[in-house]
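Encoded as structure tokens, the structure appears first; notes follow it.
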Amino acid sequence: MGLMHNRTLIINKTIIKWREVIFDFTRIVGSFSLWNTITVTALRGLSSESDVVKRREEREERREDAARMMGSGGFESSFADFLRQCGGYAVLDGGLATELERHGANLNDPLWSAKCLLTSPHLIRRVHLDYLDAGANVIITASYQATIQGFEAKGLSKQESETLLRRSVEIAVEARDIYSERCAKSTTDVMRNGGKSVRPILVAASVGSYGAYLADGSEYSGNYGPKISKETLKDFHRRRVQVLANAGADLIAFETIPNLLEAQAYAELLEEESIKIPAWFAFNSKDGINVVSGDSIQACAAVAESSRHVVAVGINCTPPRFIHGLITSIQRVTDKPILVYPNSGETYNAELKRWVKSTGAANEADFVSHVGEWCEAGATLVGGCCRTTPNTIRAISTALYNKSINVKIPQLQ
């Protein structure tokens, strides 16, 4: 990944700080529309024309770096190259909302973690950096519950809503840049294959389900009612996916997919819109056999298998005790890389809007103890979801480092 010149880094950090101040001021005065005016004025004051050109060149350089990382031989073969660069196994990050709350954010809001895009973007960046420090190869943006419809319900315009979607990606990219600068100044990062190089890092733009937007717990049931069709879901997600795909992310993470219908909608949408970056599909399950709607996990994974845009398929926000069996089921219908990022094993109570202890909940040590068997079963990307922390990811990174000597990467057709 190209490293920025010192002068530009100072300028970018100043701009980042100004953005945080502007967001905080906007929250106080209660007028988001003011943000656009102040931002333009502030950035003009901070940037000469040459600085603007330099930043544009650096953004283009980052895009080219990402393109080289993802390769030119097609989405799937390029993703396999990324896994090889990681030493065979890639580390995903962990719970975002968990860490935001730990740092003091109040997420009792229909926007959930996306609320921090409005109120405290600096906390999002801090959490991204914590996961990079812990060894993550992929950081996932704070856009899981960020939708144009959800922002408009808060009184924001469509343009302002799209700006926040882009901002979710920009914050993650900024965190990656800051981390890369730190590595350059201190010591060369160590890859899990034992070589000395900058650790490959991708930014995944999160897309939560329609149920996540509803904020009524239906992402954990998949029950949207008879009025919600595949076309309804495509229309709901279309503009959001377009914006995120063009915001500078390396791939799109379709997460916590609760039913077959939404997976089909995503696959068709990727094709219809000719999305230029790859995607992964991650489903959730509450019984270890089916996705939460009751649809077969194999039928859902087969949708991912049939899409040329989808480079990996797997499970997230599911109790650890179900992961091994689900990996086995998914492998029966696809040769694509399998990703798993379970939750802590607790259960989300939609009425109380909080996580509660449940039978089989894993502590951190138990969670990490399963990593080896998940990889033996076929997983090549491992991380955590709700209620997992940077400590969890650090332990996973260590476990995968210890497994990477005799790695076998799936051969893609």
Side-chain angles (χ1 to χ4, degrees), residues 92 95 207-212 214 216-226 228 230 233 253-267 279-307 310 312-350 355-363 366-388 410:
L92 309 180
V207 173
S209 68
Y210 177 70
L214 296 176
D216 61 359
S218 57
E219 67 201 286
Y220 301 108
S221 70
N223 181 13
Y224 295 161
I228 302 300
K230 183 166 60 177
L233 293 173
F254 292 99
E255 302 187 280
T256 323
I257 307 173
N259 55 43
L260 178 63
L261 185 68
E262 199 150 20
Q264 293 169 334
Y266 288 147
W280 79 48
F281 281 10
F283 300 90
N284 60 333
S285 173
K286 56 187 176 185
D287 62 7
I289 301 172
N290 304 304
V291 299
V292 292
S293 64
D295 294 326
S296 162
I297 184 61
Q298 291 187 13
C300 291
V303 174
E305 166 64 21
S306 67
S307 173
V310 178
V313 57
I315 300 293
N316 79 298
C317 212
T318 295
R321 64 185 182 278
F322 295 141
I323 296 300
H324 187 278
L326 290 165
I327 294 172
T328 301
S329 295
I330 291 170
Q331 276 196 318
R332 295 191 180 112
V333 296
T334 184
D335 291 326
K336 293 184 178 183
I338 295 176
L339 63 144
V340 295
Y341 47 120
N343 58 35
S344 63
E346 296 165 276
T347 301
Y348 184 75
N349 186 309
W355 291 88
V356 297
K357 291 289 184 182
S358 60
T359 303
N363 61 38
D366 290 339
F367 184 106
V368 175
S369 71
H370 292 297
V371 170
E373 65 184 62
W374 295 339
C375 293
E376 291 295 329
T380 50
L381 300 97
V382 183
C385 198
C386 295
R387 312 287 284 178
T388 62

Q. Could you go step by step and tell me if Ile323 and Thr318 meet the side-chain contact (heavy atoms from CB on, under 4.5 Å) rule?
A. CA-CA 7 Å; Ile323 296 300; Thr318 295; 4.3 Å; yes

Q: Begin with the C-alpha distance, continue with both residues' side-chain angles, and end with the deciding distance and a verdict on side-chain contact (heavy atoms from CB on, under 4.5 Å) for Val313 and Phe283.
A: CA-CA 8 Å; Val313 57; Phe283 300 90; 3.9 Å; yes

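- Put simply, the side chain of Trp280 reaches to within 4.5 Å of the side chain of Leu92, judged on heavy atoms.
- The CG atom of Asp335 lies 13.0 Å from the CD1 atom of Ile330; values are rounded to the nearest 0.5 Å.
- Taking all atoms of both residues into account, the shortest heavy-atom contact from Asp216 to Ser218 is OD1-OG, 2.7 Å.
- Under the 4.5 Å side-chain criterion, counting only non-hydrogen atoms from C-beta, Val207 is in contact with Tyr266.
- Taking both residues in full, the closest heavy atoms of Glu305 and Lys336 are given as O-NZ, 3.4 Å, listed atom of the first, atom of the second, then distance.
- Scanning both residues, Cys300 and Asn259, for their nearest heavy atoms gives SG-C, 4.3 Å.
- For the pair Asn343 (side chain) and Cys386 (backbone), a donor-acceptor distance under 3.5 Å is absent.
- Asn290 places no side-chain N or O within donor-acceptor distance of the main-chain N or O of Val292, the cut-off being under 3.5 Å.
- Between atom CZ of residue Arg332 and atom OG1 of residue Thr328 there is a gap of 6.5 Å, rounded to the nearest 0.5 Å.
- Residues Leu381 and Val340 are not in side-chain contact: their nearest non-hydrogen atoms beyond the backbone lie 4.5 Å or more apart.
- Asn316 and Thr256 form a side-chain donor-acceptor contact under 3.5 Å, judged by distance and modelled atom types alone.
- In this structure, the side chain to side chain contact (heavy atoms under 4.5 Å, CB included) partners of Tyr210, at least two apart in sequence or on a different chain, are Tyr213, Leu214, Tyr224, Ile228, Leu233, Phe236, His237, Glu262.
- A 4.5 Å side-chain heavy-atom check between Val303 and Leu260 finds at least one atom pair inside the cut-off.
- In terms of heavy-atom proximity, Ala279 sits nearest to Phe254 at CB-CE1, 3.7 Å.
- Side-chain atoms of Ser285 come within 3.5 Å of backbone N or O of Gly288 as a donor-acceptor pair.
- Nearest heavy-atom pair across His370 and Pro320 is CD2-CB, 4.4 Å.
- Across all their heavy atoms, Thr388 and Pro342 have their closest contact at CG2-O, 3.9 Å.
- Going from atom CD of Glu255 over to atom OG of Ser209 covers 10.0 Å, rounded to the nearest 0.5 Å.
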